[in-house]
Number of protein chains: 2
Amino acid sequence: MGDTVNSSASTKERILTAAEALFAQRGFEGASLRQLTAAAGVNLAAVNYHFGSKDNLVEEVFKRRLDQLNARRLAALKQASGQAETDLEAVLDAFIRPALELSHEGGAGLFMRVLARAFAEHDDSLRKFLSDNYGHVMRQFTAEFARLLPQLSKEELYWRIDLVTGALTHAMSGFGIIQRKSDVSETIHREQTIAHLVRFSAAGLRAP
Amino acid sequence: MGDTVNSSASTKERILTAAEALFAQRGFEGASLRQLTAAAGVNLAAVNYHFGSKDNLVEEVFKRRLDQLNARRLAALKQASGQAETDLEAVLDAFIRPALELSHEGGAGLFMRVLARAFAEHDDSLRKFLSDNYGHVMRQFTAEFARLLPQLSKEELYWRIDLVTGALTHAMSGFGIIQRKSDVSETIHREQTIAHLVRFSAAGLRAP
DNA sequence: CATCGAATCAAACGATCGTTTGAGCATACG
DNA sequence: CGTATGCTCAAACGATCGTTTGATTCGATG
């Protein structure tokens, strides 16, 4: 296993990139700072020097990608809801596409596995962290869904959005039975995944 | 934090029960044998004596619950598909209900968080393990879904079952925004969860 | 050129990890 | 009674963990 980082990047960037990939592979506790710094090609002490602690590094890895995801989702939602006739599929696409795009790009493109793992870690401090960094985006999407699905009660709507999130997280984690075939490009596979998710979710949201 | 185990159970049982709860809380690598044996009220060496290694213990924890889940799902499917007119909702109930029941009972009732975490861990050996222990059950459900949804191509069907699994896993992990309110009993909350999952999934499976 | 501060380095720190050891205890069997 | 067997126990093993230290390097600044 060779280095996976661009040696021209700054030490901080190289640590973040290597950490993202290694956390996705081995988990937060399973990935040691020695493995991490070796993969990044930096000194062991660099993590504590630049980030203070391993926990802070974990938080920075999250923040970096969550900020991207939030920004792309909001931009996509703004465009979708700006149309003359906004439809449910367009809003779902704005919700789903940025997440899947981020899970296939950037460094080793493994951030979403990290996120899926974090979902399973499931402690309250993480819940609060995600709520603080995610809440306003989810509220905007929820409002748009509520406008498009006026027949649903608030509780019913929350439930269904939650289930859409579950299906999306599962698809992003790459754990499902569906594996990309070698004769299908990654881009095409992603588009198929998005199409399946949007169709399935739209029907689920519209359920009688 | 006091002991959480019945002191009358055998050492092996007490280890399994404590391990299930602690793995769910702290993860497989985060939960140490010293925490685990202390919670179980047994000696540190007891794990290696009875299970050989920590890895074997993890596997036993999985096997114990997966066997239960498989048996209940197959029994429920047999009953559902034995009806004169089997409908999609009944098969989905047979798929979903045993999983949610198991996630709310047994020891601290936390096994499904362990499973959800394992989904996120996501390495190939685990995939193979789950495939070996899960495969025949999933094949039976898939066959029944295929009979009830003849308009779907095989690939389309696999995709949608996978998304149902994602929604179910997410709901089981308890991470969603929906929290049980204190004035709702656990049983009622579970029934509501099942109802939402079945309705959402049925619509998703039937999507045009 | 001299000096200062940021960055990097090898080395070591104490803590904790999974596992092993060998003695001690209890019950069952001849 | 003597011994064999299954189990529990305190203690220790080496390995690895995150973190800290103090020296060293290096470019920028006065």
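Numbers restart at 1 for each chain; the letters A, B, ... are given by sequence-line order, proteins then strands.
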Would you kindly give the [atom1]-to-[atom2] distance between [X] and [N], to the nearest whole Å?
X       : N      : atom1 : atom2 : answer
A:Arg26 : D:dT16 : CZ    : P     : 13 Å
B:Arg34 : D:dC17 : CZ    : C1'   : 13 Å
B:Ile15 : D:dC7  : CD1   : C1'   : 11 Å
B:Leu22 : C:dG18 : CG    : C1'   : 15 Å
A:Leu44 : C:dT8  : CG    : P     : 13 Å
B:Lys12 : D:dC7  : NZ    : P     : 9 Å
B:Leu33 : D:dC13 : CG    : P     : 19 Å

- Does any residue of residues 45-59 of chain B have a heavy atom under 4.0 Å from DNA chain D, and if so, which ones, in number order?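 When residues 45-59 of chain B is checked for heavy atoms under 4.0 Å from DNA chain D, the hits, listed by number, are B:Ala45, B:Tyr49, B:His50.
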- Query: Quick one: is the NZ or CZ of B:Lys12 closer than 6.0 Å to the six-membered ring centre of B:Phe51, and within 45° of its axis?
  - Reply: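 Ring-cation test returns yes.
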- Message: Give me the atom names and distance for the closest heavy-atom approach of A:Arg65 to A:Leu102.
- Response: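 Looking at all heavy atoms of both residues, the closest pair is O-CD1, 3.8 Å.
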- Task: Take A:Arg139 and A:Glu144 through the test salt bridge (charged side-chain N to carboxylate O under 4.0 Å, His left out) and record every step on the way to the result.
- Result: CA-CA 9 Å; A:Arg139 272 191 291 278; A:Glu144 198 63 24; over 6 Å; no
- Only one of A:Asp162, A:Thr169, A:Thr165 forms a side-chain hydrogen bond (donor to acceptor under 3.5 Å, both in side chains) with B:His170, so which one is it?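 Among A:Asp162, A:Thr169, A:Thr165, the one meeting side-chain hydrogen bond (donor to acceptor under 3.5 Å, both in side chains) with B:His170 is A:Asp162.
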Using a cut-off of strictly less than 4.0 Å, decide whether [X] has a side-chain nitrogen or oxygen near OP1 or OP2 of [N].
X       : N      : result
A:Thr11 : C:dT8  : yes
A:Ser32 : D:dT16 : no
B:Asn43 : D:dC7  : no

- Query: Would you say A:Asn70's side chain and A:Asn133's backbone share a donor-acceptor pair under 3.5 angstrom?
  - Reply: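 Looks like yes, one N/O pair under 3.5 Å.
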- Query: Counting side-chain heavy atoms from CB outward, which of C:dA12, D:dT8, C:dC17 is closest to B:Gln35?
  - Reply: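 Shortest atom-to-atom distance from the side chain points to C:dC17.
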- Message: Can you classify the ring geometry of B:Phe95 versus B:Phe145 as parallel (below 30°), tilted (30 to 60°) or perpendicular (above 60°)?
- Response: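 Aromatic pair B:Phe95/B:Phe145 classed perpendicular.
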